[in-house]
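Counting from 1, the numbers follow the sequence of the chain as shown.
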Amino acid sequence: MKLILKILFISFSVMALQMCKAQEAEYSKFYNTITPKLQNVADTKAEFYNQRFSKFYTVLQHKNINIFMFAYDSKMFNSKDNYILRIYFTDNETRLYTSNNRYQFPIVSIQFKNKIPNEIEKLTKQYHGEWNEEMFKFFSNMEIEKIDFYGINGMKSMNRKAR
């Protein structure tokens, strides 16, 4: 009986290790595919300043960079005025996995010249923070003031500075 339990324990341990390695390989492939594209856009980010969000979004689409989720934020702590859109290229589960393993995950933070309309709260709840065509339409005419790229300095890099 003890032998069977030991065999089961070892079997489950090996399977768990293989699953972790498979998840890392999958994320690594994703990261190494999207990051060079984002680095290219980051190098030309100033071209999008004072332009509508739709221009930036079109470039992302042409490079086959798909937004998966979004969040909004204020410029200053405790302010109710939201000016910042954060876009994510993975779901929450993947971001949790990367955080737990101290891997970088790409984020683009876009600061708009004007306040994001309060309707953003309702839309975020309605779509659960998932990006879709309605969200694109909502932001399309907003003018970009600044763009920062995070998490594009190498999957296991400790350099978490904005680009």
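The residues Glu145 and Lys113 are annotated as not salt-bridged, no charged nitrogen and carboxylate oxygen being separated by less than 4.0 angstrom. One finds no salt bridge joining Lys75 and Asp81 here, because no Lys/Arg side-chain nitrogen approaches an Asp/Glu carboxylate oxygen to under 4.0 Å.
Annotation: the span from Leu38 atom CG to Ile152 atom CD1 amounts to 6.0 Å, rounded to 0.5 Å. For the atom pair NZ of Lys55 and OG of Ser140, the computed distance is 15.0 Å after rounding to the nearest 0.5 Å. The CD1 atom of Ile147 sits 10.0 Å away from atom CD of Gln51, with the distance rounded to the nearest 0.5 Å. The structure places NZ of Lys80 at 10.0 Å from CG of Asn118, a figure rounded to the nearest 0.5 Å. Within the model, atoms CG of Leu96 and CG of Asn92 stand 8.5 Å from one another, a figure rounded to the nearest 0.5 Å.
The hydrophobic cluster containing Val108 also contains Tyr150, counting ILVMFWY residues as joined when their side-chain heavy atoms lie under 4.5 angstrom apart, directly or transitively. In the hydrophobic clustering of ILVMFWY residues, with side-chain heavy atoms under 4.5 Å counting as a link, Ile84 and Ile67 come out apart. Put simply, Leu123 and Tyr83 are part of two different groups of oily side chains (I, L, V, M, F, W, Y) that touch within less than 4.5 Å, one to the next.
Contact between Phe138 and Glu119 at its shortest, heavy atoms only, is CE1-OE1, 3.8 Å. In terms of heavy atoms, Phe30 sits closest to Phe89 at CZ-O, 3.5 Å. Across every non-hydrogen atom of Lys161 and Asn153, the tightest pair is O-ND2, 3.3 Å. Contact between Ser74 and Asn82 at its shortest, heavy atoms only, is N-OD1, 3.4 Å. Here the closest heavy-atom approach between residue Gly154 and residue Tyr31 is recorded as N-OH, 3.0 Å. Heavy atoms only, all atoms of each residue included: Lys63 and Asn40 are closest at NZ-OD1, 3.0 Å.
No more than 12 heavy-atom neighbours from other residues, nucleotides or ligands sit within 6.0 angstrom of NZ on Lys146. For Arg52, the CZ atom is loosely surrounded, since the number of other residues' heavy atoms within 6.0 Å does not exceed 12.
Using a 4.5 Å heavy-atom threshold, the side chains of Pro117 and Met142 count as touching. At a threshold of 4.5 Å between non-hydrogen side-chain atoms, the residues Asn101 and Tyr27 do not count as touching. Residues Ile87 and Ile107 fail the side-chain proximity criterion, which asks for heavy atoms closer than 4.5 Å. With contacts defined as side-chain heavy-atom distances shorter than 4.5 Å, the pair Ile144/Gln111 does not qualify. Considering only heavy atoms from C-beta on, Asn64 stays 4.5 Å or farther from Ile34 through its side chain. Side-chain contact between Met135 and Phe70: present, with at least one pair of heavy atoms (C-beta onward) separated by less than 4.5 Å. Using a 4.5 Å cut-off on side-chain heavy atoms (C-beta onward), Lys37 and Ile65 make contact. Side-chain contact check for Met155 versus Thr98: every heavy-atom pair is 4.5 Å or farther apart.
With hydrogens and angles disregarded, a donor-acceptor distance shorter than 3.5 Å links the side chain of Thr44 to the backbone of Val41.
Ring planes of Phe136 and Phe53: tilted class, angle from 30 to 60°. The aromatic rings of Trp131 and Tyr57 sit tilted, their planes meeting at an angle between 30° and 60°. The aromatic rings of Phe105 and Tyr88 are tilted relative to each other, their planes meeting at an angle between 30° and 60°.
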**OP:** Applying side-chain contact (heavy atoms from CB on, under 4.5 Å), run through Lys45 and Asp148 and close with a yes or a no.
**Re:** CA-CA 8 Å; Lys45 69 182 185 178; Asp148 286 319; 3.6 Å; yes
**OP:** Decide yes or no on side-chain contact (heavy atoms from CB on, under 4.5 Å) for Met69 and Thr90, but give the supporting numbers first.
**Re:** CA-CA 7 Å; Met69 300 194 78; Thr90 62; over 6 Å; no
**OP:** Give the C-alpha distance, both sets of side-chain angles, the deciding distance and a yes or no for side-chain contact (heavy atoms from CB on, under 4.5 Å) between Glu143 and Asn114.
**Re:** CA-CA 7 Å; Glu143 197 171 322; Asn114 297 314; 5.5 Å; no
**OP:** Take Gln104 and Ser157, measure what side-chain contact (heavy atoms from CB on, under 4.5 Å) needs, and give me the verdict at the end.
**Re:** CA-CA 7 Å; Gln104 297 230 17; Ser157 172; 3.8 Å; yes
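Partner of Phe112 under the ring pair (Phe, Tyr, Trp, His ring centres under 6.0 Å) criterion, chosen from Tyr72, Phe139, Phe48: Phe139.
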